[in-house]
K.L.:
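What follows is a structure written as structure tokens; I'll ask about it next.
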Amino acid sequence: MPRTPAYWLVKTEPDCFSIHDLAACPKQTTCWSGVRNFQARNFLRDGMKLGDQVFFYHSNAAPPSIVGLAVVVREAYPDATAWDPADDHYDPKASPENPTWQMVDLKLQEIFPRPLGLDELRTLPALKNMELLRKGSRLSVQPVAAAEFAAVMRLVQSAAQPSPGAVAKSVKKSASKAKRSSAARH
DNA sequence: GCCAACGTTGGC
DNA sequence: GCCAACGTTGGC
């Protein structure tokens with residue numbers, strides 16, 4: 001029996017690594033290094049399988065939004081940035097013998113016609129219990145229920161021709177918070 | 001910039 | 001094992 005496909009969401013600060021940066025990568029593929037939270041790592045390591053679809057979310061953006069879709073093209077393997085002292089996410093406790101942290105490879109599947117901001121997502125009843133929308137949620141890698149995934153994708157379809165005034169202008173105020181991301185690598 | 005929510009650390 | 005202190009995340 002093939003496994004039922006699972007759905008996920010990853011967060012990144014666009015000032016750090018945006019979906020457009022992903023689009024510019026060779027083969028539009030990147031390793032998702034830099035995750036330094038155990039719960040997030042466990043989802044990466046144990047949950048994400050080849051072909052799983054992954055919402056791409058921009059945090060610390062204006063507005064914070066789901067901006068597209070990626071697909072898992074390589075399952076978990078050790079995150080070597082963890083034992084690189086020069087890396088922003090260096091972890092002195094990690095080593096090649098004891099990697100601690102894992103990453104997957106993600107390939108861009110689609111940039112949505114427009115960003116789907118938090119306010120808009122909150123209007124969907126199907127997303128009432130979505131982890132992303134939970135107050136205080138900080139998980140940078142999180143599972144998405146199939147029904148939630150479908151609801152967001154329906155919104156994307158309806159977003160293809162946005163009604164006048166419904167388009168959130170994603171003007172970035174580049175808050176000068178240099179680099180601090182738990183999820184992205186640049 | 002503020003601050004609530006959360007995760008981690010370390011004294012005990 | 002408890003929990004206060006601290007650092008980080010991330011919406012606003």
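So you know, we letter chains A, B, ... as the sequences are listed, proteins then strands, and number each from 1.
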K.L.:
Give a yes or no on whether A:Val156 and A:Leu9 share a hydrophobic cluster (residues Ile, Leu, Val, Met, Phe, Trp, Tyr; joining criterion: side-chain heavy atoms under 4.5 Å apart).
P.N.:
yes
K.L.:
Just to confirm, is there a sub-4.0 Å distance from OP1 or OP2 of C:dT9 to any side-chain nitrogen or oxygen of A:Tyr57?
P.N.:
no
K.L.:
Work out which heavy atom in A:Arg74 is nearest to a heavy atom in A:Leu50; give both atom names and the distance.
P.N.:
N-CD2, 3.6 Å
K.L.:
With respect to the side chain of A:Ser59, which nucleotide from B:dT9, C:dG11, B:dG7 is positioned closest?
P.N.:
C:dG11
K.L.:
Pick out which of A:Phe43, A:Tyr57, A:Phe56 makes a ring pair (Phe, Tyr, Trp, His ring centres under 6.0 Å) with A:Trp8.
P.N.:
A:Phe43
K.L.:
Indicate whether OP1 or OP2 belonging to C:dT9 is found under 4.0 Å from a side-chain N or O atom of A:Lys135.
P.N.:
no
K.L.:
Can you tell which of C:dG11, B:dC6, C:dG10 lies closest to the side chain of A:Arg134?
P.N.:
B:dC6
K.L.:
Look at all strands and tell whether A:Arg41 reaches a base, only sugar-phosphate, or nothing, counting heavy atoms closer than 4.0 Å.
P.N.:
nothing
K.L.:
What is the distance, rounded to the nearest whole Å, between atom CG of A:Leu139 and atom C1' of C:dG11?
P.N.:
16 Å
K.L.:
Given atom CG of A:Leu118 and atom C1' of C:dG11, what is their separation to the nearest angstrom?
P.N.:
8 Å
K.L.:
So, is A:Lys11 near the phosphate of C:dG10, with a side-chain N or O under 4.0 Å from OP1 or OP2?
P.N.:
yes
K.L.:
How many whole angstroms separate atom NE2 of A:His58 from atom P of C:dT9?
P.N.:
17 Å
K.L.:
Can you measure A:Arg138 atom CZ to C:dT9 atom P for me and round it to whole angstrom units?
P.N.:
7 Å
K.L.:
Please lay out, stage by stage, how A:Asp105 and A:Trp32 fare under the test side chain to side chain donor-acceptor pair (under 3.5 Å).
P.N.:
CA-CA 6 Å; A:Asp105 285 356; A:Trp32 205 252; over 6 Å; no
K.L.:
What is the separation between atom CD on A:Glu13 and atom C1' on C:dG11, rounded to the nearest whole Å?
P.N.:
12 Å
K.L.:
Tell me the interatomic distance from A:Asn42, atom CG, to B:dG7, atom P, rounded to whole angstroms.
P.N.:
13 Å
K.L.:
Rounding to an integer number of Å, can you tell me how far A:Leu121 CG sits from C:dG11 P?
P.N.:
11 Å
K.L.:
Rounded to the nearest Å, what distance is computed from the CG atom of residue A:Asp119 to the C1' atom of nucleotide C:dG10?
P.N.:
15 Å
K.L.:
With side chain to side chain contact (heavy atoms under 4.5 Å, CB included) as the criterion, how do A:Arg3 and A:Lys49 come out once you've worked through the C-alpha distance, each side chain's angles and the decisive distance to 0.1 Å?
P.N.:
CA-CA 9 Å; A:Arg3 166 180 174 275; A:Lys49 299 300 172 189; 3.3 Å; yes
